[in-house]
Amino acid sequence: VAHFSGNIHREAQRLIGLVNDIIKLSRLDEGGAMAQWETVSLGQVADSVRGQLAQAAAAKQVTVEVEGDCGPIRAVPQIVEEIVYNLWDNAIAYNRSGGSVRVTLADCPGGSRIPVADTGIGIPPEAQSRVFERFYRVDKSHSSGGTGLGLSIVKHGAAYLGARLELKSEPGKGSVFTLTFPA
(Lines give C-alpha, C1' and ligand atoms only; values in the text may rest on other atoms or scores of the structure.)
Protein backbone atom coordinates (compact mmCIF):
# COMPACT_ATOMS: atom_id res chain seq x y z
CA VAL A 1 0.00 0.00 0.00
CA ALA A 2 2.80 2.43 0.87
CA HIS A 3 4.47 1.82 -2.50
CA PHE A 4 1.26 2.43 -4.48
CA SER A 5 0.26 5.49 -2.45
CA GLY A 6 3.73 6.94 -3.04
CA ASN A 7 3.33 6.44 -6.79
CA ILE A 8 -0.14 8.01 -6.72
CA HIS A 9 1.19 11.02 -4.79
CA ARG A 10 4.14 11.48 -7.18
CA GLU A 11 1.92 11.31 -10.29
CA ALA A 12 -0.65 13.67 -8.73
CA GLN A 13 2.15 16.21 -8.07
CA ARG A 14 3.31 15.86 -11.67
CA LEU A 15 -0.23 16.51 -12.95
CA ILE A 16 -0.61 19.53 -10.68
CA GLY A 17 2.65 20.90 -12.11
CA LEU A 18 1.39 20.32 -15.66
CA VAL A 19 -1.92 22.09 -14.98
CA ASN A 20 -0.12 25.03 -13.34
CA ASP A 21 2.24 25.35 -16.32
CA ILE A 22 -0.68 25.29 -18.77
CA ILE A 23 -2.45 28.01 -16.76
CA LYS A 24 0.71 30.17 -16.80
CA LEU A 25 1.02 29.78 -20.57
CA SER A 26 -2.67 30.58 -21.09
CA ARG A 27 -2.33 33.79 -19.11
CA LEU A 28 0.75 34.81 -21.08
CA ASP A 29 -0.96 33.96 -24.40
CA GLU A 30 -3.95 36.10 -23.51
CA GLY A 31 -1.69 39.00 -22.60
CA GLY A 32 -3.57 39.30 -19.35
CA ALA A 33 -1.82 41.05 -16.53
CA MET A 34 -0.56 38.52 -14.01
CA ALA A 35 0.53 41.30 -11.66
CA GLN A 36 1.70 44.88 -11.58
CA TRP A 37 4.85 46.07 -13.30
CA GLU A 38 7.48 47.04 -10.75
CA THR A 39 11.17 47.79 -10.43
CA VAL A 40 12.90 44.41 -10.22
CA SER A 41 16.45 43.59 -9.12
CA LEU A 42 17.84 40.74 -11.23
CA GLY A 43 20.43 40.16 -8.47
CA GLN A 44 17.66 39.49 -5.95
CA VAL A 45 15.86 37.23 -8.44
CA ALA A 46 19.10 35.27 -8.99
CA ASP A 47 19.61 34.90 -5.23
CA SER A 48 16.04 33.68 -4.77
CA VAL A 49 16.26 31.15 -7.61
CA ARG A 50 19.65 29.92 -6.39
CA GLY A 51 18.10 29.19 -2.99
CA GLN A 52 15.10 27.42 -4.51
CA LEU A 53 17.28 25.17 -6.68
CA ALA A 54 20.19 24.58 -4.29
CA GLN A 55 18.95 21.12 -3.34
CA ALA A 56 18.44 20.07 -6.98
CA ALA A 57 21.95 21.29 -7.86
CA ALA A 58 23.47 19.44 -4.90
CA ALA A 59 21.62 16.24 -5.77
CA LYS A 60 22.98 16.41 -9.34
CA GLN A 61 26.43 17.52 -8.09
CA VAL A 62 26.24 20.64 -10.24
CA THR A 63 28.03 23.77 -9.04
CA VAL A 64 26.26 27.08 -9.55
CA GLU A 65 28.06 30.42 -9.88
CA VAL A 66 26.43 33.84 -9.99
CA GLU A 67 28.62 36.73 -11.10
CA GLY A 68 28.26 40.40 -11.80
CA ASP A 69 25.48 42.85 -11.13
CA CYS A 70 23.21 45.07 -13.14
CA GLY A 71 20.78 47.89 -12.67
CA PRO A 72 17.11 47.34 -11.94
CA ILE A 73 14.58 46.63 -14.68
CA ARG A 74 10.86 47.38 -15.04
CA ALA A 75 8.94 44.12 -15.23
CA VAL A 76 6.42 41.83 -13.57
CA PRO A 77 8.42 40.22 -10.74
CA GLN A 78 6.57 36.88 -10.85
CA ILE A 79 7.22 36.47 -14.58
CA VAL A 80 10.91 37.38 -14.27
CA GLU A 81 11.37 34.86 -11.46
CA GLU A 82 9.47 32.17 -13.38
CA ILE A 83 11.52 32.50 -16.56
CA VAL A 84 14.86 32.70 -14.73
CA TYR A 85 13.83 29.71 -12.58
CA ASN A 86 12.92 27.65 -15.67
CA LEU A 87 16.22 28.42 -17.42
CA TRP A 88 18.22 27.62 -14.30
CA ASP A 89 16.20 24.46 -13.59
CA ASN A 90 16.86 23.16 -17.12
CA ALA A 91 20.55 24.04 -16.83
CA ILE A 92 20.74 21.79 -13.77
CA ALA A 93 18.42 19.02 -14.98
CA TYR A 94 20.12 18.59 -18.37
CA ASN A 95 23.63 18.94 -17.02
CA ARG A 96 26.14 16.18 -16.40
CA SER A 97 27.00 15.04 -12.89
CA GLY A 98 29.81 17.28 -11.67
CA GLY A 99 28.95 19.95 -14.24
CA SER A 100 28.40 23.64 -13.68
CA VAL A 101 25.94 26.45 -14.27
CA ARG A 102 27.14 30.05 -14.58
CA VAL A 103 24.70 32.95 -14.34
CA THR A 104 26.18 36.34 -15.22
CA LEU A 105 24.37 39.61 -14.57
CA ALA A 106 25.46 42.59 -16.65
CA ASP A 107 24.30 45.92 -17.97
CA CYS A 108 24.53 46.28 -21.74
CA PRO A 109 23.56 48.93 -24.27
CA GLY A 110 19.79 49.12 -24.16
CA GLY A 111 19.19 47.04 -21.05
CA SER A 112 20.32 44.29 -18.70
CA ARG A 113 21.47 40.79 -19.64
CA ILE A 114 21.33 37.53 -17.76
CA PRO A 115 22.97 34.61 -19.57
CA VAL A 116 22.47 31.15 -18.02
CA ALA A 117 25.32 28.91 -19.23
CA ASP A 118 25.66 25.20 -18.50
CA THR A 119 28.07 22.36 -19.24
CA GLY A 120 25.24 19.97 -20.03
CA ILE A 121 24.22 17.74 -22.90
CA GLY A 122 23.63 20.60 -25.35
CA ILE A 123 21.03 20.88 -28.08
CA PRO A 124 21.61 19.74 -31.67
CA PRO A 125 21.39 22.57 -34.25
CA GLU A 126 18.38 20.98 -35.97
CA ALA A 127 16.40 21.00 -32.70
CA GLN A 128 17.28 24.51 -31.50
CA SER A 129 14.41 26.18 -33.36
CA ARG A 130 11.90 23.80 -31.74
CA VAL A 131 12.96 23.77 -28.06
CA PHE A 132 10.56 26.63 -27.23
CA GLU A 133 7.53 24.69 -28.54
CA ARG A 134 5.06 23.33 -26.04
CA PHE A 135 5.77 19.74 -24.95
CA TYR A 136 8.76 19.43 -27.31
CA ARG A 137 11.69 17.41 -25.98
CA VAL A 138 14.94 16.98 -27.85
CA ASP A 139 15.83 13.61 -26.34
CA LYS A 140 13.29 11.81 -24.22
CA SER A 141 16.01 9.57 -22.75
CA HIS A 142 17.42 12.61 -20.89
CA SER A 143 14.00 13.71 -19.65
CA SER A 144 14.08 15.22 -16.20
CA GLY A 145 10.44 14.44 -15.46
CA GLY A 146 9.26 17.98 -16.19
CA THR A 147 6.14 19.00 -18.08
CA GLY A 148 7.83 19.96 -21.35
CA LEU A 149 6.48 23.50 -20.99
CA GLY A 150 9.35 25.27 -19.22
CA LEU A 151 11.06 26.77 -22.27
CA SER A 152 7.72 27.69 -23.80
CA ILE A 153 6.91 29.61 -20.62
CA VAL A 154 10.33 31.29 -20.90
CA LYS A 155 9.64 32.31 -24.52
CA HIS A 156 6.15 33.67 -23.81
CA GLY A 157 7.20 35.35 -20.56
CA ALA A 158 10.14 37.08 -22.27
CA ALA A 159 7.85 38.27 -25.07
CA TYR A 160 5.32 39.59 -22.54
CA LEU A 161 8.09 41.58 -20.84
CA GLY A 162 9.63 42.80 -24.10
CA ALA A 163 12.84 40.87 -23.40
CA ARG A 164 14.98 39.26 -26.07
CA LEU A 165 15.78 35.55 -25.72
CA GLU A 166 18.79 33.96 -27.42
CA LEU A 167 20.11 30.40 -27.49
CA LYS A 168 23.60 29.14 -28.29
CA SER A 169 24.27 25.46 -27.83
CA GLU A 170 26.64 22.73 -28.88
CA PRO A 171 25.90 19.04 -28.30
CA GLY A 172 28.12 17.59 -25.60
CA LYS A 173 29.40 21.00 -24.51
CA GLY A 174 26.37 22.79 -23.11
CA SER A 175 23.98 25.64 -23.75
CA VAL A 176 23.73 29.36 -23.08
CA PHE A 177 20.28 30.94 -22.84
CA THR A 178 20.51 34.73 -22.68
CA LEU A 179 17.71 37.06 -21.61
CA THR A 180 18.13 40.74 -22.43
CA PHE A 181 15.64 43.03 -20.68
CA PRO A 182 15.02 46.51 -22.09
CA ALA A 183 16.20 49.51 -20.11
Side-chain angles (χ1 to χ4, degrees), residues 24-25 27-29 31-54 56-57 62-96 99-134 136 138 146 149-183:
K24 289 173 196 169
L25 270 173
R27 286 184 182 152
L28 290 170
D29 281 346
M34 296 174 69
Q36 294 294 319
W37 286 67
E38 301 174 18
T39 300
V40 177
S41 164
L42 288 176
Q44 288 177 347
V45 169
D47 287 342
S48 172
V49 170
R50 179 180 15 201
Q52 293 173 53
L53 291 171
V62 171
T63 59
V64 177
E65 300 173 34
V66 178
E67 321 178 319
D69 198 9
C70 59
I73 61 169
R74 282 292 286 164
V76 178
Q78 294 88 343
I79 297 175
V80 174
E81 185 158 341
E82 183 71 29
I83 62 180
V84 171
Y85 178 95
N86 283 337
L87 289 177
W88 205 320
D89 187 41
N90 277 1
I92 293 168
Y94 292 98
N95 215 318
R96 57 184 169 76
S100 66
V101 174
R102 172 174 280 147
V103 178
T104 309
L105 306 171
D107 287 320
C108 64
S112 297
R113 301 182 90 193
I114 179 168
V116 178
D118 66 62
T119 58
I121 61 174
I123 302 166
E126 64 275 8
Q128 290 180 19
S129 64
R130 297 198 59 205
V131 295
F132 299 102
E133 293 176 13
R134 294 173 188 184
Y136 181 78
V138 174
L149 293 171
L151 289 178
S152 186
I153 290 171
V154 170
K155 174 187 168 188
H156 286 80
Y160 183 86
L161 298 174
R164 190 173 69 243
L165 175 61
E166 300 169 77
L167 164 63
K168 292 181 183 173
S169 186
E170 190 174 337
K173 294 193 177 180
S175 302
V176 180
F177 289 85
T178 303
L179 287 165
T180 305
F181 294 94

(message) Between Ser152 and Glu133 (side chain of the first, backbone of the second, donor and acceptor by atom type, cut-off under 3.5 Å), is there such a pair?
(response) no

(message) Contact between Gln36 and Val76 at the side-chain level, heavy atoms closer than 4.5 Å - yes or no?
(response) no

(request) For Gln44, look at atom CD and say whether over 12 heavy atoms of other residues, nucleotides or ligands are found less than 6.0 Å away. (result) no

(message) Val101 and side chain to side chain contact (heavy atoms under 4.5 Å, CB included): which single residue from Asp89, Val116, Thr119, Val66 fits?
(response) Val116

(request) Measure across Asp107 and Gly71 and return the closest heavy-atom pair with its distance rounded to 0.1 Å. (result) OD1-N, 2.9 Å

(request) Determine the minimum heavy-atom distance between Arg113 and Thr180, stating which atoms define it. (result) NE-OG1, 3.3 Å

(request) Measure the CD1-OG distance between Ile73 and Ser112 for me, rounded to the nearest 0.5 Å. (result) 6.5 Å

(request) Output the distance between atom OG (Ser175) and atom CG (Leu167), rounded to the nearest 0.5 Å. (result) 6.0 Å

(request) Measure across Pro115 and Thr178 and return the closest heavy-atom pair with its distance rounded to 0.1 Å. (result) CB-OG1, 3.6 Å

(request) Any chance you could measure Asp69, atom CG, to Leu105, atom CG, to the nearest 0.5 Å? (result) 6.5 Å

(message) So, applying side chain to side chain contact (heavy atoms under 4.5 Å, CB included) with Ile123, which one of Ser129, Pro171, Ser169 is it?
(response) Ser169

(message) Is the shortest side-chain heavy-atom distance between Leu161 and Ile83 below 4.5 Å?
(response) yes

(request) Run the salt-bridge test on Glu166 and Lys168 with the 4.0 Å N-O cut-off and return the result as yes or no. (result) no

(message) Measuring only between side-chain heavy atoms, which start at C-beta, is Phe181 closer than 4.5 Å to Val40?
(response) no

(request) Scan side-chain atoms only and decide if Gln52 and Ser48 contain a donor-acceptor pair under the 3.5 Å cut-off. (result) yes

(message) Applying side-chain contact (heavy atoms from CB on, under 4.5 Å) to Tyr94 and Asp118, what does each step give before you reach the verdict?
(response) CA-CA 9 Å; Tyr94 292 98; Asp118 66 62; over 6 Å; no

(request) Verify side-chain contact (heavy atoms from CB on, under 4.5 Å) between Leu87 and Leu151, making sure each step is shown before the conclusion. (result) CA-CA 7 Å; Leu87 289 177; Leu151 289 178; 3.8 Å; yes

(request) Search all heavy atoms of Val131 against all heavy atoms of Gln128 and return the closest pair with its distance. (result) CG2-O, 3.5 Å

(message) Tell me whether Asn86 contacts the main-chain N or O of Val154 through its side chain, where contact means a donor paired with an acceptor under 3.5 Å.
(response) no

(request) Report yes if the side chains of Val84 and Val103 come closer than 4.5 Å at any heavy-atom pair, otherwise no. (result) no

(message) Can you confirm whether Asn90 sits close enough to Phe177 that some side-chain heavy atom of one is under 4.5 Å from a side-chain heavy atom of the other?
(response) no

(message) Distance check, rounded to the nearest 0.5 Å: Leu165 atom CG versus Lys155 atom NZ?
(response) 9.5 Å

(message) Quick check: do Tyr85 and Ile153 have side-chain heavy atoms less than 4.5 Å from each other?
(response) no

